[in-house]
2 protein chains.
Amino acid sequence: MTSSLEAGIHSIAELSRGASDLLLHSTRQKPLAKGQVLLPEGQVCKTIWYVEKGYLRTFYNKDGKEINTRFSFENEFVTDLKSLRSGAPSAFWIQAGEAAVVWEFAKETLLDLYRQSAEIESFGRNLLEQMLVVQEDHANLFRIHSPTERYAYVARHFPQLLQRVSLSQLSSYLGMARETVSRIRKNR
Amino acid sequence: MTSSLEAGIHSIAELSRGASDLLLHSTRQKPLAKGQVLLPEGQVCKTIWYVEKGYLRTFYNKDGKEINTRFSFENEFVTDLKSLRSGAPSAFWIQAGEAAVVWEFAKETLLDLYRQSAEIESFGRNLLEQMLVVQEDHANLFRIHSPTERYAYVARHFPQLLQRVSLSQLSSYLGMARETVSRIRKNR
DNA sequence: ATCAACCTGTGACATAAATCACAAAATGAA
DNA sequence: TTCATTTTGTGATTTATGTCACAGGTTGAT
């Protein structure tokens, strides 16, 4: 029972045995083939996923091109918070970038648990705060740095991203042309 | 008692009279002179502010230049969430951009209230979610749009920003040179 | 093993925005 | 009102990055 998920939950908030069990029993594991879609654009997001293995790719379509906004690797939680919260159709796709295993948390189930357990509501709050910080960092990545600096930043702070994600996919994530990434990579 | 603050709180979450009063009594009003600093870089952020009048400017120092990351106008909540949450020194300054009136919520007081009232914890969660969405939108502004497009986006969605914030301050917010903003402005 | 489909590297060229320099306009203090 | 200070506008020039075009490489299916 010392699962990756349990560790992931405890990295967000300290929970009592009881609260922890409530959460663990509200979720189920789901294996994913590479390319399998968890959330298509236009669908209302009703789930939070925890990545146990592989990675998920979040992207949207701009003029027919896929723009990646996030890669979620092992032990990360991911959702489309805006859609989840507002009930509006999602502007994003979420898809497995590799063969993957995720745990699914249904929004409605979580809301029920919040009502049952203050501890779990506190967990929910911590999870959101953490997502906020991740997002803030990523916003600043674009605000602060030029394309070349962004590559260096990611190489320094998220090296596995460069190893597991293809150059083309990376380029839209970094907000620059494929060719520019290729040239930056050459000069190192 | 139908204060701006009360309306601001209710725009985040529906609260019972009791919970609402608890929150309202945990805060105090603070008038600010133009330029007055609420949070200096390096200090741990322990407060969430609600802007009743005027606006607050959030910025950091990059190589001696001030880079604005946010302008918070009437009826908005603002803090440095990363510092608030982690207790790490803030990388940002928060300062009054005009003569202003704010309401201060001390972190410790809020945490006490969370323990006392599930409703207020729920309010806290909603507030964070809303901050997350605002941040996500702003991240996308940089990811999706070129400098020229960013100006157009802000003109369309946050017109008061162009009216109340000086061109120089705006330029760092939009991530472009002062001269570029001036030229864009000419061509409209 | 072969072949098609996709991914990556690289040159030539175009272009938006940055930088530099300075003039004009606006603001604010005495 | 006047003068100093700050902000904004604008031309000339430079530079980073994008776009286009195409040649190798890689990968995966049959």
Side-chain angles (χ1 to χ4, degrees), chain A residues 32-37 54-55 57 59 61-68 71 93 95-100 141-155 159-188, chain B residues 33-36 54-55 57 59 61-68 71 93 95-100 141-155 159-188:
Chain A
L32 302 172
K34 177 173 179 173
Q36 192 171 338
V37 171
Y55 73 85
R57 175 167 84 92
F59 64 96
N61 228 286
K62 191 194 182 187
D63 312 325
K65 277 186 306 187
E66 294 181 356
I67 310 287
N68 296 302
F71 297 96
W93 295 78
Q95 190 194 47
E98 296 174 346
L141 179 59
F142 276 79
R143 201 199 308 281
I144 300 175
H145 300 292
S146 68
T148 305
E149 289 170 330
R150 293 204 285 275
Y151 185 93
Y153 184 91
V154 168
Q160 72 170 335
L161 218 150
L162 305 190
Q163 282 141 25
R164 291 174 71 178
V165 170
S166 79
L167 185 141
S168 322
Q169 304 253 310
L170 183 66
S171 68
S172 71
Y173 179 80
L174 292 176
M176 66 180 93
R178 187 179 58 71
E179 294 90 333
T180 305
V181 182
S182 180
R183 286 176 184 123
I184 289 172
R185 191 165 273 184
K186 189 172 63 165
N187 303 331
R188 310 189 111 230
Chain B
K34 176 173 178 173
Q36 193 171 338
Y55 72 85
R57 175 168 84 91
F59 64 96
N61 227 286
K62 191 194 183 187
D63 312 327
K65 278 186 304 186
E66 293 181 355
I67 310 286
N68 296 303
F71 296 96
W93 295 78
Q95 190 193 47
E98 297 175 345
L141 178 59
F142 275 80
R143 203 199 310 279
I144 299 175
H145 299 293
S146 69
T148 304
E149 290 169 330
R150 292 204 286 276
Y151 185 93
Y153 184 92
V154 168
Q160 70 169 338
L161 218 148
L162 305 190
Q163 283 140 24
R164 292 174 69 180
V165 169
S166 79
L167 185 143
S168 322
Q169 303 252 312
L170 184 67
S171 68
S172 71
Y173 179 79
L174 292 175
M176 66 180 94
R178 187 180 56 72
E179 294 91 332
T180 306
V181 182
S182 179
R183 288 179 183 119
I184 289 172
R185 192 165 273 184
K186 187 172 63 166
N187 304 330
R188 309 189 113 231

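Sequence lines set the chain letters: A, B, ... in the order given, protein chains first and strands last, and positions in each chain run from 1.
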**Message:** Taking side chain to side chain contact (heavy atoms under 4.5 Å, CB included) as the criterion, tell me which of A:His145, A:Arg150, A:Gln169 meets it with A:Leu174.
**Reply:**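 Looking at A:His145, A:Arg150, A:Gln169, the match for A:Leu174 under the side chain to side chain contact (heavy atoms under 4.5 Å, CB included) is A:Arg150.
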
Rounded distance (Å) that lies between atom [atom2] of [N] and atom [atom1] of [X]:
X	N	atom1	atom2	answer
B:Arg150	C:dA18	CZ	C1'	13 Å
B:Lys62	C:dA18	NZ	C1'	13 Å
B:Lys65	D:dT7	NZ	P	15 Å
A:Gln169	C:dC7	CD	P	8 Å
B:Arg185	D:dG9	CZ	C1'	11 Å
A:Leu167	D:dT27	CG	P	14 Å
A:Tyr151	D:dA16	OH	P	19 Å
A:His145	C:dA18	NE2	C1'	18 Å

**Heavy-atom side-chain proximity of A:Leu162 to A:Tyr151 below 4.5 angstrom** =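 Yes, side chains in contact.
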
**Item:** Heavy-atom side-chain contact between A:Tyr173 and A:Val165 under 4.5 Å
**Value:**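 No. Closest side-chain heavy atoms not under 4.5 Å.
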
Short side-chain N/O contact from [X] to OP1 or OP2 of [N], under 4.0 Å:
X	N	result
B:Ser146	C:dA16	no
A:Ser168	C:dC6	no
A:Thr180	D:dG18	yes

**Request:** Would you mind telling me which residue lines up with the more 5' stretch of DNA chain D, B:Glu179 or A:Met176, judged by nearest nucleotide?
**Result:**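 Checking each residue's closest nucleotide, the 5'-ward one belongs to B:Glu179.
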
**Asked** Is there a donor on the side chain of A:Arg178 or the base of D:dG18 sitting less than 3.5 Å from an acceptor on the other?
**Response**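 A donor-acceptor contact between them is absent.
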
**5'-most by nearest nucleotide on DNA chain C - B:Lys34 or B:Arg183** =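 Final value for this comparison: B:Arg183.
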
**Message:** Angle between ring planes, B:Phe59 versus B:Trp93, binned at 30° and 60°: parallel, tilted or perpendicular?
**Reply:**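 Ring orientation, 0 to 90° scale: parallel.
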
**Message:** Under 4.0 Å, counting only non-hydrogen atoms across every strand here, what does A:Ser166 touch: a base, just sugar-phosphate, or nothing?
**Reply:**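 Sugar-phosphate contact only.
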
**Closest contact, heavy atoms only, B:Pro147 versus B:Ile184** =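 Minimum heavy-atom contact is O-CD1, 4.3 Å.
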
**Prompt:** Which nucleotide in the set D:dT19, D:dG11, D:dT17 lies at the smallest distance from any side-chain heavy atom of A:Pro147?
**Reply:**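 Nearest listed nucleotide: D:dT17.
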
